[in-house]
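Contents: one structure, followed by commentary.
None of the values given here were measured: they were computed from a predicted structure.
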Amino acid sequence: MSMITVDAVHDAIFAGDLFLEYLPTVRLADGQCAGCEALVRWRCGDEIIPPMDFIPLIENTPVSGLLTYWVIDTMGQEMGDWMRRCDDIHVAVNVPPEVLGRGGVEYAGYKANLLSVRNRVVLEITERGAPDRLGLEELKEIAGRDVMIAMDDVAVDENNLLVLSRVPVDVIKVDRDFVASIGTDRATRSMERLEALIAIGRHLVVAEGVEHAAQAKRLNEIGVQFAQGWLFSKPLRAEAMMDWHARHAAGHAFY
């Protein structure tokens, strides 16, 4: 595609050109599959356009909300029955901060028939932008209804402590830059901060971008509970994701 525009993303949603893949989440202690994260893809002819090529473009536009509701609806159609059958899995969806507080997320969950499994839906908001006042109010209300809230792409530095103190977050997703630095000198201070955060015990922690067994082993040693990355699996379509879960429901040795 020569030019990606907001209008092109809008049209792709209604043309049926978008689809979801699911990235497995594993429990580091035993390799058991704990669920997955829904990731949007754009099929344009023979080309698959990755989300980072179009998601930033639609931030703070009406299309951002439209895409979010489409993801929730599609995830419900593809994975809702699976979630109702398997009470040990969670499915995460990304929700941009600007969409929160307008009522659309809750309504999309209702229309997608996800209310009965809402305690196993994880709403991931990015660390790059905190919600506004209405968004924070909705997060507090959602948390009171047992929906889990995750802060995505968290850099392990002191600046994020303020953000985490303002937002009712259940899960922290540590960014892939930190994971990639494991084993280097620059990771030492960040590792200490992460260990201190885990010791407080207020949050579940998921490490993103785990590609090597040594990374998984070290993260498990300091108490990180969950991880995602190509060490475990690439993103999968819905049926393949359910098959992957069945094969790893009892655990698997990844390191």
Would you check if [X] and [Y] make a side-chain contact, meaning some heavy-atom pair closer than 4.5 Å?
X	Y	value
L39	L20	no
L123	V93	yes
W82	V117	no
M75	I72	no
S64	E59	no
V205	F226	no
I149	V122	no
L66	H10	yes

With distance as the sole test, does [X] use its side chain to make a donor-acceptor pair with the main-chain N or O of [Y] at under 3.5 Å?
X	Y	answer
R120	M83	yes
D153	D175	no
R43	F19	no
E47	C44	no

Inset, instruction - State whether R176 and E208 are salt-bridged, where the test is any N-O pair (Lys NZ or Arg NE/NH1/NH2 against Asp/Glu carboxylate O) under 4.0 Å. - result: no
Legend entry - Lys/Arg-Asp/Glu bridge criterion (N-O < 4.0 Å) met for E21, R41: yes
Inset, instruction - Please state whether the rings of W244 and F254 are parallel, tilted or perpendicular, taking 30° and 60° as the class boundaries. - result: parallel
I'd like to know if [Y] and [X] are part of one continuous hydrophobic network [Ile/Leu/Val/Met/Phe/Trp/Tyr, side-chain heavy atoms within less than 4.5 Å].
X	Y	answer
V179	I222	yes
L23	L28	no
I13	V95	yes
W42	I55	yes
F14	L18	yes

Taking atom [atom1] of [X] and atom [atom2] of [Y], what is their separation to the nearest 0.5 Å?
X	Y	atom1	atom2	value
L219	I182	CG	CD1	3.5 Å
L231	K217	CG	NZ	13.5 Å
H90	L204	NE2	CG	8.5 Å
M79	R85	CE	CZ	9.5 Å
E106	L115	CD	CG	7.0 Å
Y110	D73	OH	CG	13.0 Å

Legend entry - E221 atom CD, over 12 foreign heavy atoms within 6.0 Å: yes
Inset, instruction - Please lay out, stage by stage, how V174 and L194 fare under the test side-chain contact (heavy atoms from CB on, under 4.5 Å). - result: CA-CA 9 Å; V174 179; L194 184 57; 4.0 Å; yes
Inset, instruction - Give the intermediate values and the outcome of side-chain contact (heavy atoms from CB on, under 4.5 Å) for residues N113 and R84. - result: CA-CA 10 Å; N113 196 24; R84 286 182 280 274; 3.7 Å; yes
Inset, instruction - Decide side-chain contact (heavy atoms from CB on, under 4.5 Å) for S181 and Q215; before the verdict, give the C-alpha distance in whole Å, the side-chain angles of both, and the deciding distance to 0.1 Å. - result: CA-CA 9 Å; S181 74; Q215 295 171 337; over 6 Å; no
Legend entry - Partner of Y22 by side chain to side chain donor-acceptor pair (under 3.5 Å), out of E78, H245, E37: E78
Inset, instruction - For the pair N220 and Q225, evaluate side chain to side chain donor-acceptor pair (under 3.5 Å) and give the outcome as yes or no after the intermediate values. - result: CA-CA 7 Å; N220 182 57; Q225 300 98 332; over 6 Å; no
Inset, instruction - Grab the two heavy atoms, one from P96 and one from T68, that are nearest each other, plus how far apart they are. - result: CD-OG1, 3.2 Å
Inset, instruction - Considering non-hydrogen atoms only, spot the tightest contact between P50 and I48 and give its length. - result: CD-O, 3.5 Å
Legend entry - Chi angles and distances behind the side-chain contact (heavy atoms from CB on, under 4.5 Å) call for N94, V71: CA-CA 9 Å; N94 291 280; V71 169; over 6 Å; no
Legend entry - side-chain hydrogen bond (donor to acceptor under 3.5 Å, both in side chains) involving T25 - partner list, sequence neighbours excluded: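 T25 satisfies side-chain hydrogen bond (donor to acceptor under 3.5 Å, both in side chains) with Q228 once adjacent residues are dropped.
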